Amino acid sequence: MLYFALLILFWSIIIFTLWLWKHTLLKKTWHEPYLSDFALIIESDDWGVGEAYHLERLSGINTLFQRYSDHVKRPAVLTANMVLSLPDTISMQQNCFNQFERKTLSKNFITLLNGFKHCISQGTFIPQIHGIEHYYAPGLLQLAQQNDPRVTPFFNQPDWTDWEALDSPLQGHYVNGTQLPTEPVSKQQQQLQYEHAQQEFFNCFNFNSKSIVAPCYLWDNTSETVWAEHEQTIQYIQTAGYRCNGRDQNGHYHQDIRLIRSGDKTEHGALYLVRNAMYEPADGRKAQDCIKQIIKAFRQGEAATISTHRYNYTRSEEIFNDSIKGLETLLFFVTGHYGKRLRFLSSPELGQWLENPEQAMFCDAQKKEWPALQSLGGLGLLNAFLWRLWYRHQKLRLLSIVTALVIPWGILLLADKLLNSRNPSL
Ligand SMILES: [Zn+2]
């Protein structure tokens, strides 16, 4: 009994010392948003303009998503980041590359657009802006005028849809990657890019996008100013947990904001969102790794936001089949283990919850309201808070092991498991 009392005293001293040492961090972490629902977002970049066969691939995703739904009977849904135009190479050849001309999703890819709209009506596809295009058009035009071999094979084609074949630095949109290090793009130019993107997005889907993810995760403070000052304000910015404003001489990305948490605000008041899981099977990032990342997010009371690019589904038939199979593995897992509290949603809806946790969420694409997500409280909140400390801070993790604080935490986890129906059977 005496030993037990001494142990309690020892742990109390450790926790008190920890509070003196890290109280700012502890308070900040405690006051972050925590979800009781298991919210799953599947984000997919680069949809939009492309080849006709993309429609079949999209249809495969739609069929799969219809088969899996959450506890409010909503099917799995893709938050699709849209690329809205391609170069009109014939017009540009005719004007001797004096002016950049576009083929747009709303005018030149109507069958594809109708496919996207069909999936919206089925509840499996929510578009948001990626960019009017996936490159810096004035830079590409300049290279075409100079007969630069990085672009001439493309611009000499009558019909060029494969922008993903461009050199990686050329795929940035809000920075100029025609040479390394990249150069910032002027505010005036970014205003034009954003204006064109919102206009074309509205032409396609009849609503304005309140959320965005910058091509190649390359954007800067000027971009955020443009998005904030425009009449159609961006409220939510999807990130990978940092902001990159350029690439150096060797092509390495430069982070000017190194750590972003979901719910952090830009200096203009927009909310950052953070992707925390990857399912990119074409690059070897398979379903089992993604499942581990989903479990990690849910333990911490975070939404799990998966990144899965279009190319996983639009390359060869074999890659597509493999990607769909893995996607089904993911959906089978989350519906099987978290079904009673699982919520499928899109990124702007998560943004809405972060802004107003009590309110129902409105989906602009579907013109439909979905019930508010539930926030976490009680023992579940304490454990999710401790999981965040555990995963984020190596020193605290080591301290809890060395001082055996993991023992009382294990008891808390067990109590939570017994008392709380939220916990899945993992
Ligand atoms: Zn992209």
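It should be emphasised that the depicted structure is a prediction, and the values quoted were computed from it without experimental measurement. Atoms within each ligand, like the ligands themselves, are counted from 1 in listed order.
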| request: Check step by step if side-chain hydrogen bond (donor to acceptor under 3.5 Å, both in side chains) holds for S262 and E302. | output: CA-CA 9 Å; S262 268; E302 293 178 345; over 6 Å; no
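Within the 2.8 Å limit, H309 places no N, O or S atom next to the Zn ion (ligand 1). Note on C216: not counted as a metal contact of the Zn ion (ligand 1), no N/O/S atom lying under 2.8 Å.
For D46, the N, O or S atom with the smallest separation from the Zn ion (ligand 1) is OD1.
Closest of all the heavy-atom pairs between H309 and S44 is C-OG, 3.7 Å. When all heavy atoms of R74 and C363 are compared, the closest pair comes out as NH2-SG, 4.4 Å.
Annotation: cation-pi pair R275/Y217 absent, no NZ/CZ under 6.0 Å from the ring centroid and within 45° of its normal.
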